[in-house]
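Have a look at this one before I ask anything.
Given the structure is predicted, the values throughout are model-derived calculations rather than measurements. What's counted below: heavy atoms across the whole structure, side chains too, no hydrogens, waters or symmetry copies.
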Amino acid sequence: KYGIPLAGHMVLQEEVIATGAIDAMALDSQCVMPSLASLAECYHTPLITTNPLAKIPGTIYLPVEDKKSAEKVAKQILKIARKNFKKRNKNIKIEEKEVEAIVGFDEKIADDLAKQLQNKEIKGIIAVIGCKNPRVQEDWVSVYKKASKDYAILTTGCMAFEFGRNGLLDGKRFFHLGSCVNNAKVAEIFKRIADKNKKRITDMPFLVSAPAPLTEKCVAIGFFFAALGVDVHFGYPMMISTDSNVEDFLRTVLKKHFQSRIFLETNPEKLYKELTG
């Protein structure tokens with residue numbers, strides 16, 4: 001939003017500290033590994049927690065409760081970082097690799113996508129959201145790259161960083177809409193495109209895909225889209241039980257009340273065949 005480069009996603013948070021080049025790390029409540037406090041003890045990096053509901057033992061607690069306290073805490077964090085800069089190992093060398101990425105979305109792009117759907121220039125729109133899971137070894141990025149020949153790809157959060165790291169955020173077929181808490185933007189764009197086509201969201205060729213869920217939050221976001229009438233794909237591993245009652249709910253109850261479905265697929269190629277079949 002303010003032109004600040006993105007350094008990484010949540011899976012890289014330990015590696016970031018392990019560089020020894022971080023003079024302070026501030027945490028709120030999202031996607032924080034409990035192991036960070038123990039790791040930070042090995043470096044000069046202090047951890048600062050800001051959320052009253054997400055305190056971590058062994059960290060500095062500076063609560064942010066409103067706009068006024070946010071400004072005060074921000075200045076305190078900067079002061080701590082400046083002080084700790086003196087403790088940094090001067091022999092640290094970090095290799096930088098910059099990848100060009102287009103970040104952002106406006107109404108004109110939404111209107112263009114609506115026209116592309118009307119003219120059948122694209123088959124539909126896929127919103128790729130959610131986590132990057134270190135246990136998932138499947139190459140989901142390549143599958144979405146192939147799918148982008150026929151589909152526009154909207155993306156948020158850790159998956160957006162993966163696309164950026166691979167040079168795919170071109171603003172033509174791949175569109176970065178922000179962090180994982182910005183998925184409401186995806187819903188707004190779905191609504192605008194559906195309105196332009198004079199249809200309901202559930203009648204549009206939209207799909208939400210979370211190929212590598214790591215947190216329960218990712219599942220909740222998926223159900224949010226299912227409640228809007230959008231089909232949702234989850235990859236592996238899943239936090240949803242696959243017993244008969246749950247499978248029946250995902251298959252029939254959502255379809256009956258929301259005209260949507262949630263389906264599980266851990267094989268990228270099988271998902272691709274379903275998209276192109």
Does the H9 side chain pair with the main chain of E162, one donor and one acceptor, at a distance under 3.5 Å? no

Pair D23 + R82, salt bridge at N-O below 4.0 Å: no

Under a 4.5 Å cut-off applied to non-hydrogen side-chain atoms, are L168 and V141 in contact? yes

Test of understanding: clusters of I, L, V, M, F, W, Y form through side-chain heavy atoms closer than 4.5 Å, transitively. Do I17 and I48 belong to the same one? no

Is it the case that over 12 heavy atoms from other parts of the model lie below 6.0 angstrom from the CD atom of Q118? yes

Shared ILVMFWY cluster between V208 and L264, side chains joined below 4.5 angstrom? yes

Flag the pair Y151 / I122 as yes when at least one side-chain heavy-atom distance between them is below 4.5 Å, and no otherwise. no

Would you say T45's side chain and A40's backbone share a donor-acceptor pair under 3.5 angstrom? no

So, T50 versus Y61: side-chain donor-acceptor pair below 3.5 Å or not? no

Plane angle bin for F190 and F206 - parallel if under 30°, tilted between 30 and 60°, otherwise perpendicular: parallel

Is R261 close enough and on-axis enough to F263, meaning under 6.0 Å and within 45°, for cation-pi? yes

Evaluation steps, side-chain hydrogen bond (donor to acceptor under 3.5 Å, both in side chains), between N182 and T156: CA-CA 7 Å; N182 287 328; T156 59; over 6 Å; no

Within a 6.0 Å radius of atom NZ on K90, are there more than 12 heavy atoms belonging to other residues, nucleotides or ligands? yes

Is it possible for you to say whether I60 and V16 belong to one hydrophobic cluster, with membership spreading through side-chain heavy-atom contacts below 4.5 Å? no

For C218 and G130, work out which heavy atoms get closest and say how close. SG-CA, 3.8 Å

With a 4.5 Å limit on heavy-atom distance, are the side chains of I221 and V232 in contact? no

Got M10 and K132 here, is their nearest side-chain heavy-atom distance under 4.5 Å? no

Has K83 got more than 12 heavy atoms of other residues, nucleotides or ligands less than 6.0 Å from its NZ? no

Does the T155 side chain pair with the main chain of H176, one donor and one acceptor, at a distance under 3.5 Å? no

Minimum side-chain heavy-atom gap P205-K123 below 4.5 Å: no

Side-chain heavy-atom pair P63, N51 within 4.5 angstrom cut-off: no

Could you identify which residues cluster with Y272, counting Ile, Leu, Val, Met, Phe, Trp and Tyr as linked when any side-chain heavy atoms lie under 4.5 Å apart, either directly or through a chain of such contacts? V143

Is any side-chain N of the basic residue among E269 and K146 closer than 4.0 Å to the acidic one's carboxylate O? yes

Under 4.0 Å between a Lys/Arg side-chain N and an Asp/Glu carboxylate O for E188 and K185? no

Are the charged groups of K115 and D111 less than 4.0 angstrom apart, N to O? no

Quick check against the 3.5 Å criterion: does N119 have a side-chain atom that pairs as donor or acceptor with the backbone of E121? no

Going only through I, L, V, M, F, W and Y residues with side-chain contacts under 4.5 Å, is there a path from I102 to L113? no

Could you walk me through whether Y144 and S209 pass the side-chain hydrogen bond (donor to acceptor under 3.5 Å, both in side chains) test, one step at a time? CA-CA 10 Å; Y144 297 120; S209 177; 2.5 Å; yes

Does any N or O in the side chain of Q13 come within less than 3.5 Å of the main-chain N or O of M33, such that one atom is a donor and the other an acceptor? yes

Would you say L62 ends up clustered with V32 if hydrophobic residues are merged whenever their side chains have heavy atoms under 4.5 Å apart, either directly or through other cluster members? no

Under a 3.5 Å threshold, yes or no: a donor from one side chain and an acceptor from the other, between E138 and T266? no

Testing the basics here: between R192 and A110, what is the closest heavy-atom pair and its distance to 0.1 Å? CD-CB, 3.7 Å

List the atom of V99, the atom of G164, and the distance in Å for their closest heavy-atom pair. CG1-O, 3.2 Å

So, are D203 and R200 salt-bridged, with charged N and O less than 4.0 Å apart? yes

Give the C-alpha distance, both sets of side-chain angles, the deciding distance and a yes or no for side chain to side chain contact (heavy atoms under 4.5 Å, CB included) between R173 and D170. CA-CA 7 Å; R173 271 292 194 262; D170 57 3; 4.2 Å; yes

Donor-acceptor pair, distance only, cut-off 3.5 Å: does the side chain of N183 make one with the backbone of C180? yes

Test item: S142 side-chain N/O and D139 main-chain N/O as donor-acceptor pair under 3.5 Å: no

Go through W140 and L271 one step at a time and tell me if the side chain to side chain contact (heavy atoms under 4.5 Å, CB included) criterion holds. CA-CA 10 Å; W140 286 98; L271 178 66; 3.5 Å; yes

Minimum side-chain heavy-atom gap I262-F234 below 4.5 Å: yes

Polar side chain donor-acceptor pair, S260 to D231, under 3.5 angstrom: no

Within the 4.5 Å heavy-atom criterion, are L27 and M25 side-chain neighbours or not? yes

Show, in sequence, the C-alpha distance, side-chain angles and deciding distance for D112 and K108, and conclude whether the side chain to side chain contact (heavy atoms under 4.5 Å, CB included) test is met. CA-CA 6 Å; D112 287 344; K108 183 179 181 299; 3.3 Å; yes

Can you list the steps and then say if L177 with I189 is a side chain to side chain contact (heavy atoms under 4.5 Å, CB included)? CA-CA 10 Å; L177 270 71; I189 291 165; 3.1 Å; yes

Just wondering, are more than 12 heavy atoms of other shown residues or ligands nearer than 6.0 Å to CD in E107? no

